[in-house]
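Note that ligands are numbered from 1 as they come in the structure, with each ligand's atoms numbered from 1 the same way. Everything quoted here is computed from the prediction, not taken from an experiment.
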Amino acid sequence: MRASNILVFVISALTLSSCSGRKFPPGFKFGAATAAYQVEGAWNVSDKSPSIWDTFTHDHPEQILDGSNGDVACDSYHLWEQDIQLAKDLGLHFYRFSLSWPRLLPNGFANHISEDGSRYYNNLIDGLIANGIEPMITLFHWDLPQNLQDLGGMTNPLIAEWFGAYSRVAYTLFGDRVKTWSTFNEPLAICDVAYEGGKLAPGIASPETGIYLCAKNLMIAHATSYRIYNEEFRAKYNGKVGIVNHHVWFTPYSSEYEELTHLTRDLGFLYSHPIYSETGGWPPSVEAFVASKSEKEGYSTSRLPKFTAEEIEFVKGTADYYGFNYYTSRLVREANNSTVFAWPSNGNAELNVELIPDPNWDAGLDWLVSYPPGIRAQLNLIREYYGNVEIIITENGFSTSTDELDDVTRTQYFRDHLEQVLLANTEDGVNVTGYTAWSLIDNYEWNSGYTSRFGIVRVDFTDPLRSRTPRASAEYYADVIRHHSL
Ligand code: PNW
C-alpha cells in the first residue's frame, strides 16, 4: 500500500468510528434483558406457588427439546448479585427483567404478598440502582400463577381484574424506584403461539377461539393496569408504562402476494392497533377477515370478540412508549399442502399463509434467520402506522447451539442490527430511544430448554454454581456502550 493510500485508509477508518453518523443520539439508552422463569430457578422456595411453566415442564417434558425445566435455571434467585455485576461491567444503562407473579403473590390474588418475593425484588432493584443501572420491569413474561390458570387464566375475562390488582401491588412496592414498566411481554406468544397448538404453557390448543378470547382479555388487562398507574401512581412517580410487542418483518414472496402481506402485517399489529391507532379497536382488515370466516364456519358471532365502544376508548392510548422485540424476517406467500402452520415463523392457518426465509439471509439456529434491514423496515412501519411514537427495542438477539466464548456470529448479528437501528434513528428520524440485547445470560429457552443459547454471557449449566463468563459479544457490546457509537 502506498503512503498516500495508507493515509486515506487511516482517515476513513477514523471517520467511520468517530463521525457523528456512527454515534447514537445523546439520550439513547442501552440495556439487556432476561425473564423470571428463564433465569430465577428456585421454583418452590418459601411460599412461591407454581406457575403454568412449572406445571407444563413438569407434566410435559416431551414438549421440551432436552426434557428440561426452569427449576434451577441460572439460579438468579440466589446469584442476582453476580447478574448485577455483569450488567455493571457491561456499562448497561438499564436491565430489563420480569417479576414472577406467583413469587410475589402466591395465591395469584392480592390478599397475600409474599415477604420473600418482595424482599427478592427489592434487593435486585436496590442493587441495580446502587450500581447506576435503571431497573425496567416486565410484569408478565408468561409465568401465570397455576391457580389462576385453573380458573381459566387468560381466557377468563376476570384476568383483567386479577392482573390489575397484581399490577397495583407491584407499582406500590417498587414504583418509587422503577420508572419504566411493561405489562405483557409478547401477547403474540401468550395468546397466538400458546393457544395455536398448545406447545407453550398452559398447553391448551384452541386455535379458533382460545387465541382470540386471550387476545381481547389481554388488551383489557393491559389497559386496566395502565389506568391504575395513571390514576394512582403517575402523579407521584412519573414513570412510563407500555406493552412489548413481537414483530417479524414481512415482505411479499413475489408481487402477487402484496395484499396477503398487508393482511399478515396487520395480524402482527393485532395488539398494537387497539392502543396506538387513532380509531382504536382491532386492525379493521383482520376484524373483517375473521368475522367473515367465522360466519362461513357457522359461528353466530365472530371468533375475534368485538370491543364495545366503551372498551375501545378504555384501551386506546394506554401506552407511554412502544416496546418492540425483533429477531427475524420472512417472505409471505399463499400456503400449500406442505405448509406447517406455526405463527409467526412458519405459517398462519387463519390467513392460510406460508412464511419462509429468503435463501440469501444468514441462517441461524432453527427459526432465527438474520436479516438486519428488517428491524429498520419494521421501525419505519410502526411509525407509518402510528406516527412518531417513542419506540424502545426491548429485545434483539441471536442464538447458537454451542456454548463457545468467541461468538463470532452473535457479535456480527448485534453489529448489523445496531447499525440498522442507528440508521432508523439518524437517517429516517424514527423516534427509537433505547436498545435491549437478549439476553444478558444464557437461560432456559422455553421449548428448546438449554439447547439454544442467547446469552452475551455464557452460563455453565453443568456447574452447580452456574458460573458466568462473558463472551466476545459482551466485550463488543460494552465497547458500543462506552463509546456510544458503532
Ligand atoms: C422472545 N418467533 O420470544 C421472548 O420474549 C423471550 O423470552 C425468548 O427467550 C426470546 O424471544 C428468544 O426466543 C419469541 O416466533 C417468540 O419468531 C416468538 C418468536 C421469537 C421469539
Side-chain angles (χ1 to χ4, degrees), residues 31-40 51-53 57 64-65 68 70 73-74 76 96-100 136 138-144 182-197 199-201 211 243-250 264-265 267-268 270-271 323-332 340-348 353 355-357 361 363-371 374-375 378 392-401 410 413-414 417 436-456 459:
T34 60
Y37 185 72
Q38 295 180 274
V39 301
E40 285 179 2
S51 77
I52 57 174
W53 271 93
T57 55
I64 313 298
L65 210 54
S68 67
C74 312
S76 288
R96 173 175 179 246
F97 62 95
S98 78
L99 306 182
S100 154
M136 174 180 187
T138 307
L139 287 165
F140 187 98
H141 201 124
W142 309 0
D143 45 355
L144 186 76
S182 63
T183 54
F184 289 94
N185 178 72
E186 300 188 348
L188 173 111
I190 299 166
C191 300
D192 307 47
V193 180
Y195 285 94
E196 176 184 50
K199 298 268 180 223
L200 299 174
I211 289 177
I243 185 165
V244 168
N245 275 297
H246 179 101
H247 293 287
V248 169
W249 165 247
F250 296 119
T264 309
R265 286 180 185 167
L267 184 61
L270 189 68
Y271 306 94
F324 167 31
N325 291 356
Y326 175 85
Y327 288 89
T328 194
S329 297
R330 290 293 186 274
L331 305 175
V332 178
V340 177
F341 292 117
W343 175 239
S345 56
N346 289 62
N348 183 276
V353 296
L355 306 168
I356 46 175
W361 300 343
L365 192 54
D366 47 73
W367 55 269
L368 216 172
V369 172
S370 173
Y371 181 61
I375 195 170
Q378 185 69 30
I392 302 174
I393 297 182
T394 32
E395 278 177 37
N396 177 234
F398 194 69
S399 54
T400 53
S401 59
R410 182 177 294 101
Y413 182 97
F414 281 122
H417 285 76
T436 316
W438 183 274
S439 173
L440 178 65
I441 50 180
D442 285 338
N443 57 52
Y444 183 74
E445 178 53 23
W446 311 111
N447 297 110
S448 303
Y450 299 102
T451 67
S452 169
R453 293 174 176 260
F454 273 93
I456 57 176
V459 175

**Asked** Is Trp343 near ligand 1, meaning one of its heavy atoms is under 4.0 Å from it?
**Response** no

**Message:** Before you tell me yes or no, could you show the steps for Asp192 and Tyr271 under side-chain hydrogen bond (donor to acceptor under 3.5 Å, both in side chains), namely the whole-Å CA-CA distance, both residues' side-chain angles and the distance that decides it to 0.1 Å?
**Reply:** CA-CA 11 Å; Asp192 307 47; Tyr271 306 94; 2.4 Å; yes

**Asked** Looking just at side-chain N and O atoms, do His246 and Asn325 make a donor-acceptor pair shorter than 3.5 Å?
**Response** no

**Item:** side chain to side chain contact (heavy atoms under 4.5 Å, CB included) partner of Val39, chosen from Val459, Thr34, Leu440
**Value:** Thr34

**Prompt:** Polar-atom distance check: His141 versus ligand 1, any N or O pair below 3.5 Å?
**Reply:** yes

**Message:** Asn443 versus ligand 1: do any nitrogen or oxygen atoms come within less than 3.5 Å of each other?
**Reply:** no

**Request:** Note the single closest protein heavy atom to atom 4 (C) of ligand 1, along with its residue, its atom name and the distance in Å.
**Result:** Glu395 OE1, 3.4 Å

**Identity and separation of the nearest protein heavy atom to atom 14 (C) of ligand 1** = Glu186 OE1, 3.3 Å

**Request:** Check Asn185 against ligand 1 and report side chain, backbone, both or neither, counting heavy atoms closer than 4.0 Å.
**Result:** side chain

**Message:** Side chains of Thr400 and Arg410 only: does a donor on one sit below 3.5 Å from an acceptor on the other?
**Reply:** yes

**Salt-bridge present (Glu395, Arg96; N to O < 4.0 Å)** = yes

**Prompt:** Is there a donor-acceptor contact under 3.5 Å linking the side chains of Tyr450 and Asp442?
**Reply:** no

**Message:** Below the 3.5 angstrom mark, is there an N/O of Gln38, backbone or side chain, next to an N/O of ligand 1?
**Reply:** yes

**Message:** If you measure every N or O of Glu445 against every N or O of ligand 1, does any of those distances drop under 3.5 Å?
**Reply:** yes

**Item:** Protein residue, atom and distance nearest to atom 10 (C) of ligand 1, heavy-atom basis
**Value:** Tyr327 OH, 3.3 Å

**Item:** Parallel, tilted or perpendicular: rings of Trp438 and His141 (30°, 60°)
**Value:** parallel

**Request:** Check each of Tyr37, Tyr444, Trp446 against Thr57 using the side chain to side chain donor-acceptor pair (under 3.5 Å) test, and report the only one that passes.
**Result:** Tyr37

**Request:** Could you find the nearest protein heavy atom to atom 18 (C) of ligand 1 and give me its residue, atom name and distance?
**Result:** His246 CE1, 3.8 Å

**Subset of ligand 1 atoms that lie under 4.0 Å from at least one heavy atom of Trp367** = 13 (O), 17 (O), 20 (C), 21 (C)

**Option nearest atom 15 (O) of ligand 1 (shortest heavy-atom distance, choices Ser98, Ala189, Ala342, Pro344)** = Pro344

